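Take a look at the following structure, please.
Since this is a predicted model, take the numbers as computed values, not measurements.
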Amino acid sequence: MAPQSWTGRDDGPGADNLRWHHVVGIDAHHAEPSDVAFVGFRSDEGVRRNKGRQGARNGPRALRDALASMALATPVRILDVGDIDVGDGDLESGHQRLGAVITRLIDRGHPVVVLGGGHEVAYGSYLGLAHSRALCEGSRLGVLNLDAHFDLRDDAQPSSGTPFLQMSQYEKRCKRQLNYWVLGVSQPSNTQRLFHTADTLGVRYLQDIECHPRELPRIDGFIGGFIDSCDIVHLSIDLDVLPAAVAPGVSAPAAYGVQMDIIEHVCAKVAASGKLAVCDIAELNPDLDIDNRTARTGARLIHRILTSRSAPTRRG
């Protein structure tokens, strides 16, 4: 689906009145290699297969609307390339199409933000990285998932509960081990089988009860270890990692969750590392949102990530 021009509140000309809708372009011919690229993934097929509450396919539009009028202190450059639509139920094709778009963008030098969509979006994001020039030339990938769930389900069909197991299986076929870390795991939301799968695959994780602000040194150590373990970062944010009061508009609202200040702090540290290549925002369901809280929260995280971003590091 072709990109649409962004609109929003306008307080007049000049840098002092800058908002996100002022800096988003939709013409790839005018984009520079370092410009961040937005691509939407209109899908809740994975949520349907995972027996969740549908509506996340409208998430990309809601995230754009929430971000458009947010104020910017300093200019950034954004290219919106439009949406991948999975309206026909063919999630597998949607993953391939999303991956192909992301690979082209990354190889042209664009960091990518994917606007979901259910958390099945994460596997499409991964495919884009897996086929990128950087990984084919030997860069080490690290996947950090901010999520109440491991999403390591071994189901017959891909769904919003399977993307990281799919990644692990793909990496195994490439004779690599997936470097997968999770922050915010909820014990009541994951069976012991899923914990055993995580342990078998060497997944490193912090549970939600270990992510209180008083545990900030431990959290920083965890994130620092993750950043040191890789050359390229795939950051996946499932908004259900946040408390339900902050993010009610998701398929599975969190009874406990990780506070927004911790999630924002983690996102800023990853962005400042210079290693962030792809970030996807998943599980926003506008049909279930209250006062656009979840959309505004997701947009705020995008804002923090892109205004904290350091220039990409170069290997060798």
Side-chain angles (χ1 to χ4, degrees), residues 31-39 41 79 81 84 92 95-114 120-147 150-152 158 162-183 197-205 221-237 266-280 305-306 308-316:
E32 296 181 359
S34 59
D35 292 359
V36 175
F38 284 171
V39 57
F41 190 65
L79 170 67
V81 302
I84 299 296
E92 292 76 8
H95 280 150
Q96 296 298 325
R97 288 184 283 135
L98 177 61
V101 169
I102 291 173
T103 299
R104 290 196 296 271
L105 291 168
I106 292 172
D107 285 350
R108 291 173 187 167
H110 298 292
V112 179
V113 174
V114 188
E120 62 268 25
V121 66
Y123 186 61
S125 298
Y126 163 78
L127 289 177
L129 282 164
H131 294 111
S132 68
R133 187 181 305 116
L135 255 66
C136 291
E137 293 176 351
S139 293
R140 299 172 301 157
L141 173 65
V143 179
L144 175 63
N145 184 23
L146 310 184
D147 197 344
F150 283 117
D151 287 343
L152 291 169
T162 66
F164 300 97
L165 184 62
Q166 291 175 266
M167 293 181 201
S168 179
Q169 292 167 341
Y170 194 103
E171 287 288 288
K172 186 176 181 180
R173 291 194 293 270
C174 296
K175 302 188 185 309
R176 300 187 297 253
Q177 181 176 1
L178 181 66
N179 183 20
Y180 177 39
W181 302 51
V182 192
L183 184 144
T197 300
D199 292 340
T200 299
L201 295 176
V203 179
R204 301 191 185 186
Y205 58 89
F222 181 84
I223 297 302
F226 167 75
I227 291 170
D228 290 343
S229 75
C230 58
D231 304 309
I232 293 176
V233 170
H234 172 190
L235 174 63
S236 192
I237 305 172
V266 168
C267 288
K269 285 184 73 69
V270 172
S273 72
K275 297 182 178 183
L276 183 59
V278 174
C279 171
D280 51 58
I305 289 165
L306 296 185
S308 301
R309 191 173 65 92
S310 293
T313 55
R314 297 187 181 274
R315 300 177 71 240

Heavy-atom check, side chain of E92 versus side chain of Y123, under 4.5 Å: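 The answer is no; the side chains never approach within 4.5 Å.
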Separation between CZ of F222 and CZ of R204, rounded to the nearest 0.5 Å: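 Going from the CZ atom of F222 to the CZ atom of R204 covers 8.5 Å.
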Separation of S34 OG from L79 CG (nearest 0.5 Å):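 The CG atom of L79 sits 11.5 Å away from the OG atom of S34.
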C230 versus G142, closest heavy-atom pair with distance: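 What the structure gives for the nearest pair is CB-N, 3.5 Å.
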Between CG on residue D231 and CD on residue E137, distance to nearest 0.5 Å: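 It comes to 12.0 Å.
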For the student: nearest non-hydrogen atoms of L178 and F164, plus distance: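 Scanning both residues, the minimum pair turns out to be CD2-O, 3.6 Å.
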Non-hydrogen side-chain atoms of C267 and L146 separated by less than 4.5 Å: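 Yes - at least one pair of side-chain heavy atoms lies under 4.5 Å apart.
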Reported CE-to-CG distance for the pair M167 and L152, which is rounded to 0.5 angstrom: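 Taking CE in M167 and CG in L152, the distance rounds to 9.5 Å.
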Residue pair S125 / V278: nearest heavy atoms and the distance that separates them: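 For S125 versus V278, the nearest heavy atoms are CB-CG1, 3.9 Å.
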From CD (Q169) to SG (C174), nearest 0.5 Å: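 One finds 12.5 Å between CD of Q169 and SG of C174.
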Beyond-backbone contact of R309 with L276, side-chain heavy atoms, under 4.5 angstrom: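 A side-chain contact under 4.5 Å is absent here.
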For the student: nearest non-hydrogen atoms of I232 and A134, plus distance: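 Heavy atoms of I232 and A134 come nearest at CD1-CB, 3.4 Å.
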Donor-acceptor pair, side chain of D35 and main chain of E32, under 3.5 angstrom: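 Yes, because the side chain of D35 sits within donor-acceptor range (under 3.5 Å) of the backbone of E32.
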Residue of the set E171, Q166, H131 for which side chain to side chain donor-acceptor pair (under 3.5 Å) holds with Y126: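 Answer to the side chain to side chain donor-acceptor pair (under 3.5 Å) test with Y126 among E171, Q166, H131: E171.
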Trace of the side-chain contact (heavy atoms from CB on, under 4.5 Å) decision for I305 with L235: CA-CA 10 Å; I305 289 165; L235 174 63; 4.0 Å; yes
Distance (rounded to the nearest 0.5 Å) between L105 CG and F38 CZ: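 CZ of F38 is found 12.5 Å from CG of L105.
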side-chain contact (heavy atoms from CB on, under 4.5 Å) between H110 and R104, intermediate numbers included: CA-CA 9 Å; H110 298 292; R104 290 196 296 271; over 6 Å; no
Exercise: do H234 and D280 side chains pair donor with acceptor under 3.5 Å: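 Note: H234 and D280 side chains meet the donor-acceptor criterion.
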Least distance between heavy atoms, N179 atom then S229 atom: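 Where N179 meets S229 most closely, the heavy atoms are ND2-OG, 2.8 Å.
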Min side-chain heavy-atom separation L98-L127 under 4.5 Å: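 The answer is no; the side chains never approach within 4.5 Å.
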Exercise: identify the closest heavy-atom pair between L129 and L141: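 For L129 versus L141, the nearest heavy atoms are CD1-CD1, 3.9 Å.
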Note, V182 side chain near D151 side chain (heavy atom, < 4.5 Å):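 No; the side chains remain at least 4.5 Å from each other.
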Pair L183-I223, side-chain contact (heavy atoms from CB on, under 4.5 Å): steps then yes or no: CA-CA 9 Å; L183 184 144; I223 297 302; 4.2 Å; yes
With F150 via ring-ring contact (aromatic ring centres under 6.0 Å, His included) - residues at least two apart: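 Partners of F150 under the ring-ring contact (aromatic ring centres under 6.0 Å, His included) test: F195, Y205.
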